[in-house]
Student: 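Sending over a structure as structure tokens; questions will come in a sec.
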2 protein chains.
Amino acid sequence: MPAPLMPREEVVRRLLEVFRGHGFDGASLAQLSKASGLGKSSLYHYFPGGKEDMARAVLEEVERWMAAHVLAPLAAPGTPARRLARMVKALDELYDGGRAACLLGNMLVGDARRLFRKPLKDAFGAWIEALASVARDAGMSATPARLWAEETVLSIEGALVLARGLDDPEPFRRVLRRLPGTLARS
Amino acid sequence: MPAPLMPREEVVRRLLEVFRGHGFDGASLAQLSKASGLGKSSLYHYFPGGKEDMARAVLEEVERWMAAHVLAPLAAPGTPARRLARMVKALDELYDGGRAACLLGNMLVGDARRLFRKPLKDAFGAWIEALASVARDAGMSATPARLWAEETVLSIEGALVLARGLDDPEPFRRVLRRLPGTLARS
DNA sequence: TCACTGTTGGACCAACCGGTCCAATAAACG
DNA sequence: CGTTTATTGGACCGGTTGGTCCAACAGTGA
């Protein structure tokens, strides 16, 4: 029983890059195979359900990543500003300073949206709830906290779209830079 | 020389719906043919360059639509608030109250982004410039006006993403509702 | 009426799609 | 060392892709 040459986690991470760049429909098995360095057979060994399975694993990886680098820091002890700052730093890396697209956002296009409606909804929902919790800790009452949280996620997603549209990562960086201030000012 | 049964404009509008729902990669010729009611041959008569040509025509149609329903109202005489309100109304219809996706946004995924980089950049750029002009008319100086304009576009795009992610058009409606106020307050 | 001509459907094509299969491999164990 | 077995590459499958082609069509002008 030979150990796998590449840990499944690493495979998933490579698949993620393909889906993130091309979306679900646009990601072909040939690309997925090339990017992962695995033959089709090995790919189907890891993911018996084919492309849909791969995308599902990628989404779960994103959920894990979010839990570790976004939800956990937001829920950790510390001042709201400090907790937000840790999320900002993680997002800046995840999105390569505004140069990379959002996997979740790209999964909302075409068949993928129907296929992954629930995990997508849950991911956005969890993110918003974690942010709202921080806002409440900063003294906001429930409803404004929720609205601020939605607006925050919305700004980040919108910034990624605009950054790709204008071919300039600046809008994304500006949104991240301003983010902590929006909490204090509200 | 028989007149075309369907004006080219109407064909393009039908193709738009397919691209907007499935993105460029996800839109197949079979879907495009069915949605337009045209056989492949007729489709290639209208668009000799194939799918890329169709997408280009769709993008041009969007540019025309934007010019008529967004840029023109924003540049028209009237108070800034009134001009903004007219754009808001148009956008609310275009995006079906937050239930429909953004064609421009979906064109940023996969090969399409490379293919249509320039028209996409121009479309976003023109939109932002028209908004910035309104902001300047409202008394803002150049730089804040530009920032406000970018933030406005970013909020709309982000709201569309979030609305689709949460499966709830409310974030989009809220952004539109609040939009006029953001100008006054800045 | 009839030739003309822009338009049409759909057969057809090679290439690629997602997916299956199996012989060959190579670490672990006896 | 040989057996076992999880893992592997890649040939292969039917179906679909984007794209081509052409015979038939239907208004128009003479």
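All values below come from the heavy atoms of this structure, side chains included, with hydrogens, waters and symmetry mates left out. Below, read A as the first sequence line, B as the second, and so on, with proteins coming before strands; counting in each chain starts at 1. Just so it is clear, the model here is predicted, and its values are computed rather than measured.
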Student: Is any side-chain nitrogen or oxygen of A/K40 closer than 4.0 Å to OP1 or OP2 of D/dG10?
Tutor: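 Checking D/dG10 against A/K40, no side-chain N or O comes under 4.0 Å of OP1 or OP2.
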
Student: Between atom CG in A/D53 and atom C1' in C/dG19, what is the gap in whole Å?
Tutor: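 Going from CG in A/D53 over to C1' in C/dG19 covers 13 Å.
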
Student: Nearest-nucleotide wise, let me know which of B/H45 and A/K51 is further upstream toward the 5' end of DNA chain C.
Tutor: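 Of the two residues, B/H45 wins.
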
Student: Just compare C/dG18, C/dG9, D/dT8 and give me whichever is closest to any side-chain atom of B/S41.
Tutor: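 Output: C/dG9.
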
Student: Choosing from D/dG19, D/dT8, C/dC17, which nucleotide comes nearest the side chain of B/Y44?
Tutor: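 The closest nucleotide is D/dG19.
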
Student: Taking the side chain of A/Y46 as its heavy atoms from C-beta onward, which of D/dT8, C/dG19, C/dT8 lies nearest to it?
Tutor: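 For the A/Y46 side chain, the nearest candidate turns out to be D/dT8.
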
Student: When rounded to the nearest 0.5 angstrom, what is the spacing between CG in A/L154 and CZ in B/F172?
Tutor: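 The CZ atom of B/F172 is 10.5 Å from CG of A/L154, to the nearest 0.5 Å.
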
Student: Whole Å only: how far is the CG atom of B/D111 from the P atom of D/dG18?
Tutor: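 In whole Å, D/dG18 P lies 12 Å from B/D111 CG.
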
Student: Can you tell me how far P of C/dC16 sits from NZ of A/K34, to the nearest Å?
Tutor: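 Computing the A/K34:NZ to C/dC16:P distance gives 13 Å.
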
Student: Separation of A/L43 atom CG from C/dC17 atom C1', in whole Å?
Tutor: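 Taking atom C1' of C/dC17 as the reference, CG of A/L43 is at 14 Å.
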
Student: Measure from CG on B/L38 to P on C/dT8 and round the result to the nearest Å.
Tutor: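 So the two atoms are 6 Å apart, to the nearest Å.
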
Student: Could you state the atom-to-atom distance from CG of A/L32 to C1' of C/dC17 in whole Å?
Tutor: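 So the two atoms are 12 Å apart, to the nearest Å.
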
Student: Both A/P48 and A/A30 contact DNA chain C. Taking the nearest nucleotide for each, which residue is further toward the 5' end?
Tutor: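 Looking at the nearest nucleotide for each, A/A30 comes out on the 5' side.
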
Student: Salt bridge check: are A/R177 and A/E170 linked by an N-O gap of less than 4.0 Å?
Tutor: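 Looking at A/R177 and A/E170, the cut-off is met.
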
Student: With distance as the sole test, does B/S36 use its side chain to make a donor-acceptor pair with the main-chain N or O of B/L32 at under 3.5 Å?
Tutor: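 Yes: the side chain of B/S36 pairs with the backbone of B/L32.
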
Student: What is the distance, to the nearest angstrom, from the CG atom on A/L29 to the P atom on D/dT16?
Tutor: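 Whole-Å distance recorded here is 16 Å.
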
Student: Between A/E157 and B/R164, is there a side-chain N and carboxylate O pair less than 4.0 Å apart?
Tutor: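 Result for this pair is no, no salt bridge flagged.
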
